[in-house]
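So the structure is just underneath, and the comments pick up after that.
Here is how names work: the chains are called A, B, and so on, in the same order as the sequence lines, proteins then strands, and each is numbered from 1.
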Amino acid sequence: DTAVSQTPKYLVTQMGNDKSIKCEQNLGHDTMYWYKQDSKKFLKIMFSYNNKELIINETVPNRFSPKSPDKAHLNLHINSLELGDSAVYFCASSRGQGSSPLHFGNGTRLTVT
Amino acid sequence: GDSVTQMEGPVTLSEEAFLTINCTYTATGYPSLFWYVQYPGEGLQLLLKATKADDKGSNKGFEATYRKETTSFHLEKGSVQVSDSAVYFCALSGITGNQFYFGTGTSLTVIP
């Protein structure tokens, strides 16, 4: 059973398009996250939701909009895609308590041409 | 603010060599500390963790000890294998438990 699953695994699209990435977790966690990993493997937090409430909203272009319909799902919608958006996007979840680790999905590799 | 500083790579070792990847942190209060591993084409997986000073986390032959006096959490393995080739991330979670801070990652390649 996959704990944190995200779709699609690969996404190739042209500049200017709008795309979405979906994420679901079956761990019963209260907190979910979106991270962006660049080509140098650097991880940057983008957003975090706790029980459907936005709690972390880092400096991210407003073309990126997260949506959490329930605490098991956190989707990421990206408008007007740009070349610089090409990266691997990871969804993650945690219990939201100090000692509880993050559980990551396998990532979505987004390529903007 | 809270942060993690991790040894830069890449690191290349021969099989059965000893591995150390340095990690130091800055944090308010008493954070929990983690090491994650990312194999090629995969997401990050928890390798080990420690939640209080002097705790030792261990898994798959890897160890790290939470050293409050030196604010460090260095990752070690006595004898690396080719299958250990991956990117390793040091991380901490702050006092709220919702915010995680990651190091820049260290790429390890083990050659036969």
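- Residue A:Lys44 qualifies as enclosed at atom NZ: its count of foreign heavy atoms under 6.0 Å is above 12.
- A single hydrophobic cluster is not seen to contain both A:Phe104 and B:Leu92; linkage of ILVMFWY side chains at heavy-atom distances under 4.5 Å, directly or through other members, places them apart.
- Residues of residues 60-74 of chain A lying within less than 4.5 angstrom of chain B, judged on heavy atoms, are absent.
- Both A:Phe47 and A:Tyr89 are assigned to one and the same hydrophobic cluster, defined by single-linkage of ILVMFWY side chains at heavy-atom distances under 4.5 Å.
- With a threshold of 4.5 angstrom between heavy atoms, A:Asn106 approaches chain B through its backbone and through its side chain.
- The 12-atom threshold is exceeded at CD of B:Gln45, counting heavy atoms of other residues, nucleotides or ligands nearer than 6.0 Å.
- Contacts of B:Gln38 with chain A are made by side-chain atoms alone, with heavy-atom separations under 4.5 Å and no backbone atom involved.
- By the neighbour-count criterion of 12 heavy atoms within 6.0 Å, atom CD of B:Glu15 is densely surrounded, having more than that number from other residues, nucleotides or ligands.
- Looking at B:Tyr30, neither its backbone nor its side chain comes within 4.5 Å of chain A, counting heavy atoms on both sides.
- Nearest heavy atoms, A:Pro101 versus B:Phe100: C-CZ, 4.2 Å.
- Of all residues spanning residues 7-21 of chain A, those with a heavy atom less than 4.5 Å away from chain B's heavy atoms are A:Lys9, arranged by number.
- Side-chain heavy atoms closer than 4.5 Å link hydrophobic residues (I, L, V, M, F, W, Y) into clusters, and following such links, possibly through other members, connects B:Met7 to B:Leu47.
- Under the 4.5 Å side-chain criterion, counting only non-hydrogen atoms from C-beta, B:Phe102 is in contact with A:Leu102.
- For residues 30-37 of chain A, a heavy-atom distance under 4.5 Å to chain B picks out A:Thr31, A:Tyr33, A:Tyr35, A:Gln37, given by residue number.
- When the side chains of ILVMFWY residues are joined at heavy-atom separations under 4.5 Å, either directly or via intervening members, B:Phe73 and B:Leu108 end up in a single hydrophobic cluster.
- In terms of heavy-atom proximity, B:Ser32 sits nearest to A:Ser99 at OG-CA, 3.3 Å.
- B:Tyr39 and B:Ile21 fall within the same hydrophobic cluster, where Ile, Leu, Val, Met, Phe, Trp and Tyr residues are linked whenever their side-chain heavy atoms come under 4.5 Å apart, directly or through other members.
- In this structure, no portion of B:Tyr101 lies under 4.5 Å from any heavy atom of chain A.
- No other option in B:Thr104, B:Val87, B:Leu44 has as many heavy-atom pairs under 4.5 Å with chain A as B:Leu44.
- Listed by first and then second residue, the disulfide (SG to SG under 2.5 Å) pairs involving residues 9-86 of chain A are A:Cys23-A:Cys91 (not counting sequence neighbours).
- In the displayed structure, B:Glu8 atom CD is contacted under 6.0 Å by at most 12 heavy atoms of other residues, nucleotides or ligands.
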